[in-house]
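Working notes, beginning with the structure itself.
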Amino acid sequence: MPEGNIIHRVARVHGRWLSGRRFTADSPQGRFGDGARVVSGRVLQAVEAHGKHLFYRFEGEVRLHVHLGLFGNIRHFRSEAPAPSPACRLRLSSPHATLHLSGPQACELLTAEDEAKLRARLGEDPLRAESSPERAREKLCRGRMPLALALLDQERLSGVGNILRAEALFLARLPPLLPAGALSEADFARLWDVLQRLLSDASRDGHIVTPGAPRVPECVAGRKRAERFCVYGREGQPCPRCGAKVRRRELAARGLFFCAECQGVDAVPRPRVAKKKARAVQEKRRGAR
DNA sequence: TTCCGATGGCCAC
DNA sequence: TGGCCCTCGGAAC
């Protein structure tokens, strides 16, 4: 479930338990065989997260870049590890810790230059200590792109996924379709603050729980996902703030959840991209029936 | 128990 | 714009 909070948590946990150890590496699935041979026998020195990207640095300037994408899964074992699944792209093994990576979108070795280029492309990450709200505002708040699309653009802001965008826009009471360039300084400050709080709490706790969600958790484990959020995945259910029905709209082929009452949605014109996409999706669905 | 859709983002066409 | 990666939670049965 990889939004920025999970990736930062993984980096922290792996940094704590895996760095300083010498690993043998292999690729049970076979697709990272050459890379695994390069990594094998080296000591892991550091693990870092930037947005949704993970960077593992091994001795000898060997750099491993991992992006989990939608299906990626990464597990670590501090005691005896189970046999890897046939889909396991990369296994890092040491006597005391093992890592299994499967289904990643990216698992590749990068030169220092490649890594610097990739990271230069990424927008400000609200979870990184050196992130600057001024730079973030500069990148996020330009042009006519709807705010909800701009938030998912990792070159503007990195680490925000579909859940966080819905919950952050809801908490900041912002219309998702407002052109990014029209966001006021005060509105941006509120949004940045909300994003930092949501991401850091979620990174600490291991899951996103939006303040004000329908049921405040005594125990989050076992609670249905939709109960942890105010609007995400709650189409047709009452807004926890005003009771109006939560709405869902397709925007660039992704579900966008919001409370029209709380977020003043009707005050903002629909962008053409949303109409076009929505029509295409409707037609596709009609065809499938 | 089975099946579907999605918390992403790159690439080929 | 569709395909790919091939996981996982939750709905449907």
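Throughout, protein chains are lettered first and strands after them, A, B, ... in sequence-line order, and every chain is numbered starting at 1.
- Here B:dG9 presents its P atom at 14 Å from CD of A:E108, a figure rounded to the nearest Å.
- Between A:R89 and C:dC5, a side-chain N or O to OP1/OP2 separation shorter than 4.0 Å is absent.
- Comparing A:N162 and A:R121 along DNA chain B, the residue whose closest nucleotide (by nearest heavy atom) sits nearer the 5' end is A:N162.
- One interatomic measurement links the two molecules: CZ of A:R156 to P of B:dG9, which rounds to 14 Å at whole-angstrom precision.
- Look at CZ on A:F71: it is 13 Å from C1' on C:dG9, rounded to the nearest Å.
- As a whole-Å value, the separation of A:I208 CD1 from C:dG9 P is 14 Å.
- When the options A:H53, A:R119, A:R57 are evaluated for a side-chain hydrogen bond (donor to acceptor under 3.5 Å, both in side chains) with A:E48, the one that passes is A:R119.
- Considering only side-chain atoms of A:K52, the nucleotide from B:dG9, B:dA6, C:dT7 that sits closest is B:dG9.
- OP1 or OP2 of C:dC6 lies within a sub-4.0 Å distance of a side-chain N or O belonging to A:Q29.
- A salt bridge is defined here as a Lys NZ or Arg NE, NH1 or NH2 lying under 4.0 Å from an Asp or Glu carboxylate O, and A:R156 with A:D153 meets this definition.
- Residue A:R165 is classed as having no contact, given no heavy-atom separation below 4.0 Å to the nucleic acid.
- Whole-Å rounding puts the A:L70 CG to B:dC11 P distance at 17 Å.
- Following rounding to the nearest Å, A:E250 (CD) and B:dA6 (C1') show an atom-to-atom distance of 11 Å.
- A:H8 and A:D125 form a side-chain donor-acceptor contact under 3.5 Å, judged by distance and modelled atom types alone.
- No engagement by A:E167 is indicated, since no non-hydrogen atom pair under 4.0 Å with the nucleic acid exists.
- Look at A:R248 and you'll find a side-chain N or O under 4.0 angstrom from OP1 or OP2 of B:dA6.
- Look at A:E167 and A:R228 and you find no salt bridge, because none of the NZ, NE, NH1 or NH2 atoms lies under 4.0 Å from a carboxylate O.
- Taking the P atoms as reference points, C:dT7 lies 22 Å from B:dC11, given to the whole Å.
- If you take CD of A:E155 and C1' of B:dG9, they are 11 Å apart, rounded to a whole angstrom.
- Note: CD1 (A:I163) to P (B:dG5) measures 18 Å, nearest angstrom.
- Side-chain N/O atoms of A:Q154 include one lying less than 4.0 angstrom from OP1 or OP2 on B:dG9.
- Toward the 5' end of DNA chain C, the nearer of the two residues A:P104 and A:R75, judged by each one's closest nucleotide, is A:P104.
- Here the separation of B:dT2 from C:dC6, taken at their P atoms, is 22 Å to the nearest Å.
- Here C:dC5 is the nucleotide among C:dT7, B:dG9, C:dC5 with the atom lying nearest to any side-chain atom of A:R31.
- A single hydrophobic cluster is seen to contain both A:V62 and A:F32, as judged by linkage of ILVMFWY side chains at heavy-atom distances under 4.5 Å, directly or through other members.
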